[in-house]
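First up is the structure itself, then whatever we jot down about it.
By convention in this document, chain letters (A, B, ...) are assigned in the order of the sequence lines, proteins followed by strands, and residues within each chain are numbered from 1.
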There are 2 protein chains.
Amino acid sequence: MPGPKNPNSEDSTPESEHQELSGDRKIPAAVIKRLSLYTRALQNLERNKVEKVSSTELAKELGLNSAQVRKDLAYFGQFGVPGFGYPVGELRKKLKHILGTDRKINVALIGVGHLGKALLSYGGFNRQGFRMRWAFDIEVRDKTIGAEKVPVYNISELEQVVRRENIELVILTVPAEAAQGIADRVVGAGVSAILNFVPKRIQTPPHVKVHYVDLAIEMESLSFYLR
Amino acid sequence: MPGPKNPNSEDSTPESEHQELSGDRKIPAAVIKRLSLYTRALQNLERNKVEKVSSTELAKELGLNSAQVRKDLAYFGQFGVPGFGYPVGELRKKLKHILGTDRKINVALIGVGHLGKALLSYGGFNRQGFRMRWAFDIEVRDKTIGAEKVPVYNISELEQVVRRENIELVILTVPAEAAQGIADRVVGAGVSAILNFVPKRIQTPPHVKVHYVDLAIEMESLSFYLR
DNA sequence: TAGATTGTTAATCGATTAACAATC
DNA sequence: TAGATTGTTAATCGATTAACAATC
């Protein structure tokens with residue numbers, strides 16, 4: 001969606017260390033997302049004791065093209081064996097390292113409204129390498145949220161807690177009017193990845209990566225295809 | 001992501017009536033999503049009593065290119081006035097009609113696990129033209145969910161209720177193993193739009209449109225950009 | 001009329017796919 | 001060796017952007 005002129009950081013060229021793994025080519029955001037899909041598929045295969053997989057098999061499972069699978073992986077190195085395919089466990093490990101999900105990442109959620117509460121009690125974010133253990137709001141109605149008992153802090157403590165707890169990723173579920181202000185504050189406190197559920201574009205410096213999840217848009221655009 | 005060979009319906013060429021609005025060109029799914037973005041921006045402008053807007057203004061607000069805005073709209077007709085721009089209220093109405101969100105659409109959620117419950121109690125899906133009033137699960141633990149008191153039906157009643165209540169869109173939050181089976185059943189009962197939160201591709205006939213929301217992938221791929 | 005902005009065509013850019021020599 | 005599959009280049013496809021004549 002964004003182009004070179006896009007002031008927003010979504011899909012912009014990130015200068016992260018991982019970019020350097022295999023030269024200094026720009027790695028498209030779509031490639032990174034698929035890397036994450038490959039990792040999941042590999043985990044499933046591993047669970048089923050499958051030890052090798054070809055690009056064709058992987059592609060079929062995920063509804064992709066096998067050349068695309070090979071090309072995506074080739075951004076980061078040579079992982080396969082001609083004539084055989086890819087070693088499942090080994091590739092999974094390497095991809096997890098490339099994605100940086102072979103360590104725990106501290107996550108905070110900001111905006112404990114309906115959606116925020118829902119995502120907190122969902123709990124799904126605590127699996128697979130993420131620690132969502134901090135929530136913030138302008139008003140603390142409940143001291144903790146969900147079965148995981150995530151503590152809710154007053155937004156005034158934002159910078160302090162983010163720095164102290166080494167929070168690296170923030171989930172934004174604040175009202176649209178507040179989004180930019182909060183984004184500025186978390187970025188100021190050192191956060192460089194934001195998952196934004198707010199239906200509003202936010203401006204961030206180039207080193208910050210923002211992903212948008214827009215549930216309303218997903219629904220509305222589906223409606224177009226009804227009958 | 002999908003290409004012509006992709007057996008999955010995501011982004012495939014839909015044969016909906018709306019496609020014919022302005023000839024029989026294939027309308028890219030990305031265009032439909034942006035249409036939905038334009039509609040929202042127009043609603044905001046209307047609320048602020050703004051009566052006209054140019055493609056440049058709209059583009060800037062949404063982080064897009066103005067030519068893209070004009071081209072997207074041109075798929076569906078001529079809505080603008082050279083030298084002036086687009087009439088906000090009028091364009092909003094027309095886009096809502098094109099998207100099919102100028103009527104109420106009945107929505108059911110299937111799979112009342114953690115995520116399903118969270119989305120039900122979120123309630124956000126009940127605004128903007130959708131009526132999410134039915135939930136299904138293999139086991140009915142709670143009779144209703146959330147402040148909206150959405151009733152939970154046993155999955156055995158799926159086809160019957162879908163037909164009786166004219167449910168057109170389904171939100172899938174079932175376990176991965178169940179996804180394909182449930183998809184087959186709702187499609188069999190006449191549903192042609194699925195919002196799939198399950199981390200698993202599903203196969204559907206060409207007239208069915210599936211959108212994927214993959215929260216784990218969004219998080220994992222963000223992790224790549226951390227420092 | 002002069003100024004602004006549309007609708008649309010042509011140019012550019014980037015991503016996907018096909019093809020195949022190299023390799024196990 | 002024969003068969004299979006990789007890594008990679010070249011071809012294709014599609015989407016984005018620039019440019020501008022037409023229009024208000």
How many Å lie between [atom1] on [X] and [atom2] on [N], as a whole number?
X: B/Lys60; N: C/dT5; atom1: NZ; atom2: C1'; answer: 17 Å
X: A/Leu64; N: C/dA18; atom1: CG; atom2: P; answer: 13 Å
X: A/Asn65; N: D/dT12; atom1: CG; atom2: C1'; answer: 12 Å
X: A/Leu73; N: D/dT6; atom1: CG; atom2: P; answer: 9 Å
X: A/Leu35; N: C/dA15; atom1: CG; atom2: C1'; answer: 16 Å
X: B/Tyr75; N: C/dT8; atom1: OH; atom2: C1'; answer: 12 Å
X: B/Asp72; N: C/dT8; atom1: CG; atom2: P; answer: 13 Å
X: B/Lys26; N: D/dG14; atom1: NZ; atom2: P; answer: 10 Å

Going by the rule side chain to side chain contact (heavy atoms under 4.5 Å, CB included), which residues pair with [X] if we only count those two or more places apart in sequence or in a different chain?
X: B/Ala118; result: A/Ala118, A/Tyr122
X: B/Glu218; result: A/Lys33, A/Leu195, A/His211, A/Val213
X: A/Ser121; result: none

Practice item. Taking only the side-chain nitrogens and oxygens of B/Tyr86, find out if one of them lies under 4.0 Å from OP1 or OP2 of C/dA4. Key: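 For C/dA4, OP1/OP2 do not have a side-chain N/O of B/Tyr86 under 4.0 Å.
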
**Study point:** A/Gln78 vs D/dT8: side-chain N/O to OP1/OP2 distance below 4.0 Å
**Key:**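 Answer is yes, contact under 4.0 Å.
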
Review point. Heavy atoms, side chains only, cut-off 4.5 Å: are A/Asn106 and A/Val162 in contact?
Key: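 Side chain of A/Asn106 against side chain of A/Val162, heavy atoms only: no contact under 4.5 Å found.
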
Review point. Are B/Phe79 and B/Pro87 close enough that some pair of their side-chain heavy atoms sits under 4.5 Å apart?
Key: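 Counting from C-beta outward, B/Phe79 and B/Pro87 never come under 4.5 Å.
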
Just jot down the side chain to side chain donor-acceptor pair (under 3.5 Å) partners of [X], sequence neighbours excluded, or say none.
X: B/Arg103; answer: B/Glu168
X: A/Lys71; answer: none
X: A/Gln128; answer: none
X: A/Glu90; answer: A/Lys94

Revision key, fill the gap. For DNA chain D, the dot-bracket notation using Watson-Crick and G-U wobble pairs below 3.5 Å, [ ] for pseudoknot-type crossings and | for other-strand pairs, is ..||||||||||||||||||||||

Check your understanding: For every nucleotide of nucleotides 19-24 of chain D, 5' to 3': is a protein heavy atom under 4.0 Å from its base (B), only from its sugar-phosphate (S), or from neither (-)?
Key -> B---BB

Exercise for review: Applying salt bridge (Lys or Arg N to Asp or Glu O under 4.0 Å), name anything that partners A/Glu46, two or more places apart in sequence or on another chain.
Suggested key: A/Arg92

Revision key, fill the gap. Within residues 47-59 of chain B, the residues having a heavy atom closer than 4.0 Å to DNA chain C are B/Ser54, B/Ser55

Practice item. Give the nucleotide from the list C/dT8, D/dA18, D/dT8 with an atom nearest to the side chain of A/Lys71. Key: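 Looking only at side-chain atoms, A/Lys71 lies closest to D/dT8.
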
Point to revise | Pairwise side-chain hydrogen bond (donor to acceptor under 3.5 Å, both in side chains) hits with a residue in residues 170-191 of chain B, at least two apart | key: B/Glu159-B/Arg185, B/Gln180-B/Asp184

